Each structure stands twice: as structure tokens, then as C-alpha cells.
Amino acid sequence: MTIDRLAIDGGTAACGSWPSWPPPLDADQRALVDDVLGSGLWGAAPGGLCDRFSAEFAARHAAGHAVAVGNGTLALFVALRALGIGPGDEVIVPVYTFVACATAVLLAGATPVLADVSADHLHLTAETIQEAMSARTRAVMVVHLAGSPAPMAEILDVARTAGIAVIEDAAQAHGAAYRGRPVGAIGDVSTFSFQSSKAMTAGEGGLLVTDDAELAARAWSTANVGRTRGGEWYGHQSIGWNLRLTEIQAAILLPWIGRLDEEIARRNEFADALAGELSDAPIQVVAPPEGTTVDSRHLLMLRLAEGMSREWIARALDAEGLPVDLGYPGLHRIAPVAAESRRVPTPGLDAVADRIIWLRQPLLMSGGDGAHGAAVALRRVGADRRARGA
Ligand SMILES: *Cc1c(COP(=O)(O)O)cnc(C)c1O
């Protein structure tokens with residue numbers, strides 16, 4: 001009888017090489033980038049590619065307006081400013097998210113409140129938001145984690161009852177949809193990131209979308225040194241900064257809108273096949289919350305059975321050719337952020353935090369074929385006695 005040795009012990013890796021990210025520019029992107037470079041008009045100007053990209057991206061997400069900015073952190077900051085949030089105000093953020101959610105709130109001069117998340121799907125819920133609410137709460141920042149939409153119906157209910165604004169952080173969820181509606185204009189304002197690791201990227205970049213024309217005008221002014229659209233060059237109607245995207249970035253992003261759905265479909269093919277193969281395994285794919293129409297699968301969260309050794313598993317999977325990551329530590333474990341935030345108990349996250357690993361996106365090895373190799377690796381590694389800490 002032959003026993004396959006794990007790659008970490010010198011055996012053959014179950015997965016070939018994982019594609020690098022981002023992918024090379026396609027022909028449309030290259031042509032548009034060349035046009036921009038040749039034109040000499042590299043900065044955003046009225047009627048240019050930044051405006052075209054903003055309009056098309058807003059339309060793709062069923063939102064009326066968009067404002068492009070330099071990155072996703074600034075998009076969150078601009079959204080907060082446009083909502084009039086500042087010193088003395090509290091903004092509820094999920095404790096399990098990227099650090100920028102909290103630091104954008106701090107940049108606006110407000111206080112982040114680190115709310116618990118569901119132990120099942122790691123998103124905010126109506127209940128965890130309610131537990132974090134105070135008389136100072138002005139908004140909740142809902143993260144569509146890993147490309148999977150948060151349970152928006154119950155969240156909107158609790159926010160409307162409390163009279164607080166809803167910001168959707170869709171940095172990881174380009175093209176995702178909840179109950180048949182694209183993320184983006186479900187809450188009051190929504191933000192996206194085009195940083196290098198995201199499913200749509202220009203190296204850096206960000207954008208906010210909203211259905212509220214007045215909020216969009218305030219956001220545009222904030223990102224354009226306080227000017228008003230079409231107004232005087234040296235007319236400054238509000239406090240603002242130069243937070244603009246460049247035309248070169250827009251040239252990379254505009255053609256990407258056209259292939260977003262196909263890429264999402266490929267990632268879902270991979271994720272569905274992998275979830276199917278792992279249905280009775282000790283390492284499982286985390287299922288999205290109820291109400292998900294399109295999970296954009298920016299990355300795949302996996303849950304280990306209780307008592308498994310996460311660090312050893314991550315090393316063994318890495319050797320098998322799977323790009324895994326331990327994921328977020330939780331904002332409450334980031335000392336400088338915790339020191340500036342209000343904290344509430346987080347039993348939901350604490351129950352699962354040390355059992356989550358991430359599979360990084362690079363189109364998740366392109367569809368169903370790659371999923372089999374990944375499933376073999378996850379089963380082999382999960383079955384090893386060292387995965388049990390033995
Ligand atoms: C990437 C990310 C951000 C920040 O976006 P940048 O473009 O890197 O500033 C904010 N929130 C979440 C959930 C993210 O994943």
C-alpha cells in the first residue's frame with residue numbers, strides 16, 4: 001500500500017502553482033492606458049475617463065451617482081464626511097474586518113465601536129449592531145466580507161428604527177448582490193477599493209456610490225478641494241482635499257467592468273465545487289449569510305473543526321500550493337486601534353477567530369478543475385494527526 005506523503009514532508013504538492021495577481025492587462029486596457037499616456041492628460045478632468053468609469057461603475061451597481069477617489073480608505077472617510085459625521089459621534093464597525101474601517105472613522109474624528117460578528121458567517125447582524133448602539137451612534141459601517149453580502153434586510157431594519165446611516169464597505173464585493181440587488185445602493189452610501197489585492201484593481205484606487213444626489217455632491221466636493229462640480233476653480237464651498245483617482249487608473253478599471261461577471265462566475269465555480277467536495281471534511285467552506293444572490297468570492301473563508309492546529313495547517317497547505325492566510329486578527333487585538341475605540345463583548349468572533357483561514361483569490365485557480373486539487377490538499381492535510389495538534 002502506498003501512502004501519499006504531504007508536500008510539507010517532501011511529497012508532491014496537490015495543487016500546481018497558483019496564478020499571480022493581478023493578471024496582465026488585456027488588450028482593451030492596454031489600448032486605453034496607451035491613449036491616456038499619449039494624451040498627456042493624466043489627472044482627472046471633467047468628462048474624462050474617471051467620470052466615465054464612475055458613471056459606468058455606478059450603473060453596474062444600480063446606484064445613481066459615484067465619486068472616484070485615491071483608495072478605499074479615503075472612500076470611507078469621504079462617505080463619513082458627506083454624512084456629516086465627526087468628533088463626538090460613534091460609528092459601529094465589525095470587529096472582524098480590515099483595519100481601514102476603524103482608521104477611516106478615526107480620520108473623520110469620530111469613535112469606532114467594535115461590534116461583534118456572527119460566529120456562522122462573520123458578518124455584522126441586527127443583534128450585534130443593537131448590542132453596540134449608544135446615544136452617540138450615527139452610522140453603521142457594514143462590510144460585505146470576502147465578497148459575501150452582509151444580511152442587509154435585518155441590518156436596514158435596525159438602522160432605520162434607530163435613525164442611523166448605513167455605509168456599505170464593498171471593498172471586497174465588486175459585483176456582489178443581495179436579494180437580487182447589487183451591493184452599493186442598498187444602504188445610504190457604499191464604498192469600493194481597487195487596491196492590488198482586490199478582485200478589480202489598478203494598484204490603488206477607490207470609489208463611493210450612492211443614490212442620494214446631495215450626498216454625492218458633498219462627497220465630490222470633499223474629494224475635490226471643496227469645489228463644486230462645474231464651479232469656479234478657486235471657488236471652495238466646503239473643506240475638502242485632493243483625493244482624486246488618476247486617468248491612468250481609470251483606464252485600467254473601465255474595461256474591467258465588462259469582464260467582472262465572467263470572473264465572478266469562475267470564482268463561484270471554484271468555490272461551489274470546493275464546498276461540495278468538503279461537505280463532510282474537517283475543514284469546510286464558510287457559507288454566506290441568507291439572502292445572498294451573488295457572492296463575488298473575493299476570497300474564500302474556511303472553518304477548521306474545533307481543536308485543529310491552525311498554524312500547522314496553514315504551513316502544510318502552503319506547501320501543497322494553496323495560498324492561505326490566517327486572516328484578520330480582529331480589530332480588538334490591534335492595540336493602537338483598540339485604544340481609540342469603544343469595545344463591546346465579542347463572543348461570536350471569539351468562538352471562531354482561531355479556526356478561520358483564508359484562501360487567497362487569484363481567480364481561485366480558475367473554476368472547477370482547480371477546486372479538485374485544492375480539495376485533495378485540504379482533505380490530506382486535515383486528515384493528518386498533526387492537524388489535530390497531535
Ligand atoms: C481593502 C479594504 C479597505 C481599504 O481599501 P484601500 O484601497 O486599501 O484603502 C477597506 N475595507 C475593506 C473591507 C477592505 O478589504
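For ligands, and for the atoms within them, numbers begin at 1 and follow the listed sequence. These numbers come from a predicted model, not from an experiment.
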Phe194 and His174 aromatic centres sub-6.0 Å: yes
Cation-pi check, Arg310 onto Trp312 ring (under 6.0 Å, within 45° of axis): no
Exercise answer, ligand 1 polar atom pairs (N/O) under 3.5 angstrom:
from	atom 1	to	atom 2	distance (Å)
ligand 1	5 (O)	Ser193	OG	3.3
ligand 1	7 (O)	Gly72	N	2.7
ligand 1	7 (O)	Ser193	OG	2.6
ligand 1	9 (O)	Asn71	OD1	3.4
ligand 1	9 (O)	Gly72	N	3.3
ligand 1	9 (O)	Thr73	N	2.8
ligand 1	9 (O)	Thr73	OG1	2.5
ligand 1	11 (N)	Asp169	OD2	2.6
ligand 1	15 (O)	Gln172	NE2	2.8
ligand 1	15 (O)	Lys198	NZ	2.7

Salt bridge present between Arg266 and Glu262 (N-O < 4.0 angstrom): yes
Nearest atoms (heavy-atom pairs only) where Pro112 meets Val105: N-CG1, 3.6 Å
Presence of salt bridge, Glu90 and Arg138, under 4.0 angstrom: no
Arg297 side chain to Gln172 side chain, donor-acceptor N/O pair below 3.5 angstrom: no
